Number of protein chains: 2
Amino acid sequence: MKEGTPRTIVSRRNRPAKAALSRDVIVAKALEVLERDGFSGFNLRRVAAALDTGPASLYVYLENLDELQALMLDSALAAVNLPKGQDLEWRSELKAFLLSYFRVLYERPGVAQIALSTIPTGPNSLRILELLLGLLAEGGVENAKAAWGADLLLLYVTAIAAEQSNWRAQKMVFERVKAALDNASKEEFPLIAAHHDTLISGGHDRADWALEVIINGMLFGGKQP
Amino acid sequence: MKEGTPRTIVSRRNRPAKAALSRDVIVAKALEVLERDGFSGFNLRRVAAALDTGPASLYVYLENLDELQALMLDSALAAVNLPKGQDLEWRSELKAFLLSYFRVLYERPGVAQIALSTIPTGPNSLRILELLLGLLAEGGVENAKAAWGADLLLLYVTAIAAEQSNWRAQKMVFERVKAALDNASKEEFPLIAAHHDTLISGGHDRADWALEVIINGMLFGGKQP
DNA sequence: ACCTGAACACCGTTCAAGT
DNA sequence: ACCTGAACACCGTTCAAGT
């Protein structure tokens with residue numbers, strides 16, 4: 001949660017309307033702007049405008065736009081449901097954990113796209129990675145492979161969330177892909193034609209299936225069954 | 001480098017030096033610029049400059065920058081080694097195929113990053129998808145899951161190629177990640193500390209292992225083994 | 001038809017000057 | 001210390017005018 005500098009209760013009178021700037025205030029407002037305008041409509045100047053100031057003001061608190069996006073991502077990841085205890089078996093906990101991670105990225109337009117171009121190193125990201133390593137170890141994933149496995153799971157969930165939220169956000173993109181598959185020669189690409197509907201289907205089931213695939217694959221340690 | 005106004009040696013006769021523009025010429029030159037300047041240094045104006053013209057000229061042949069990037073990606077994918085025949089077993093062919101796909105994206109700085117933000121619908125992309133569906137069918141992957149599986153494989157290979165080529169291209173990024181892991185509290189994140197070296201290791205072995213994991217997982221149809 | 005100079009509407013970032 | 005107007009050095013894209 002982190003509480004920044006405690007509310008300084010400057011209170012009414014003077015002009016309390018203009019909230020004092022701080023990293024936390026900027027990050028929170030930036031996430032609002034991202035949610036409202038989407039990834040393609042997001043930029044520093046709009047964040048500044050939403051804060052009723054000029055873009056130059058933000059550089060007192062931020063190194064650059066990259067740092068802001070990293071802070072936004074970590075802040076958004078606070079919403080991920082962490083595995084609570086030992087109630088469930090490790091496998092169910094792992095899946096629920098990752099699906100929550102998927103949902104957080106998928107449901108907020110733009111956050112998934114930021115995640116794709118930002119390697120997260122904030123406290124919430126570290127907590128997620130640590131818990132993931134623990135669950136894999138509990139599941140008996142070979143020690144040396146647990147690190148690669150955790151990375152594989154996060155990378156894939158991030159990528160599919162970005163792809164699918166992008167399709168939802170930009171219906172034009174989806175229509176173009178669909179049209180390209182429709183127009184593909186059915187003689188030259190018979191399998192694409194046969195799998196047409198499945199290829200462009202998406203949503204929750206697909207992410208769920210993919211997680212099963214990766215988890216099962218890891219349990220065999222990357223060797224042939 | 002940039003050489004200001006080019007020495008105007010208009011040379012022999014008319015001025016045949018200035019190669020006639022075309023989509024192919026633009027795409028080829030754009031890939032050169034991408035290779036030379038990297039993804040972050042790539043833009044339309046530099047492509048135009050490399051073609052010795054102004055940016056407006058390109059709009060005779062291109063809808064916009066997105067279309068150029070889609071064409072660049074498909075052009076780069078021509079270098080992927082397609083599975084030749086029935087010499088090898090399907091599994092070896094599948095892995096060699098995907099590793100070639102990985103290498104093409106990984107070895108060209110920037111191409112992998114373009115691939116992440118561009119859904120490929122060009123002829124080379126379609127050919128790759130078609131062949132992939134065929135190999136999975138040959139391997140006995142359940143019909144309805146082959147489409148999702150092909151997409152899963154391509155998505156993951158693309159994502160890991162983009163991540164790793166980005167680390168190589170921007171050592172600063174890598175150093176920052178390494179520093180973040182180093183500085184993480186060893187009491188709060190003991191597993192991250194224990195897996196430190198493996199987490200930041202990369203390269204070929206990692207992609208190879210990940211492919212084994214996904215292929216093995218798919219053979220179980222996403223059900224518990 | 002193709003090409004292009006010039007302009008438009010933006011960006012992120014810096015800097016000098018204010019408080 | 002914080003804030004800000006103004007400017008800088010870019011972008012992608014459009015448009016009118018040329019050939």
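The model shown is predicted, which means the values in this text are computed figures rather than measured ones. Convention: sequence-line order gives letters A, B, ...; per-chain numbering from 1.
One atom, CG of A:Leu62, and another, P of C:dT13, lie 10 Å apart when rounded to the nearest Å. To the nearest angstrom, C1' of D:dC11 lies 15 Å from CG of B:Asp37. Between the CD1 atom of A:Ile26 and the C1' atom of C:dG12 there is a distance of 15 Å, rounded to whole Å. For the pair A:Leu65 CG and C:dC10 C1', the interatomic distance rounds to 15 Å; values are reported in whole Å. To the nearest angstrom, C1' of D:dG12 lies 15 Å from CD of B:Glu67. Rounded to a whole Å, the CG atom of A:Asp52 is 10 Å from the P atom of D:dG5. Summarising the geometry, the separation between CZ on A:Phe39 and P on C:dC11 is reported as 14 Å, rounded to the nearest angstrom. Between B:Leu21 atom CG and C:dA1 atom C1' the separation is 13 Å, expressed in whole Å.
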Walk me through it: do B:Arg127 and B:Glu130 pass the test salt bridge (Lys or Arg N to Asp or Glu O under 4.0 Å)? CA-CA 5 Å; B:Arg127 203 158 9 245; B:Glu130 177 76 13; over 6 Å; no
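In the set D:dG12, C:dA6, D:dA6, D:dA6 carries the atom at the smallest distance from any side-chain atom of A:Ala56. Distance from the side chain of A:Arg45 is smallest to C:dC11 among C:dC11, D:dG12, D:dC2.
Contact of the B:Phe42 side chain with the B:Leu65 side chain is registered, since non-hydrogen atoms from C-beta on lie closer than 4.5 Å. Looking at B:Leu68 and B:Val27, their side chains come closer than 4.5 Å, going by heavy atoms from C-beta outward. The side-chain heavy atoms of A:Asn124 and A:Leu73, taken from C-beta on, include no pair separated by under 4.5 Å.
Not a single donor-acceptor pair under 3.5 Å links the side chain of B:Ser57 to the backbone N or O of B:Thr53.
The nucleotide D:dA7 finds its pairing partner in C:dT13, both defining distances of the Watson-Crick or G-U wobble pair being shorter than 3.5 Å.
Phosphate proximity of C:dC2 to B:Tyr59: absent, as no side-chain N or O sits under 4.0 Å from OP1 or OP2. Proximity of B:Ser57 to the phosphate of C:dC2: no side-chain N or O atom is located under 4.0 Å from OP1 or OP2.
Each of B:Gly54 and A:Leu44 lies near DNA chain C, and the nucleotide nearest B:Gly54 is the one positioned closer to the 5' end.
Heavy atoms of B:Tyr61 sit under 4.0 angstrom from primed sugar atoms or phosphate atoms, though from no base atom.
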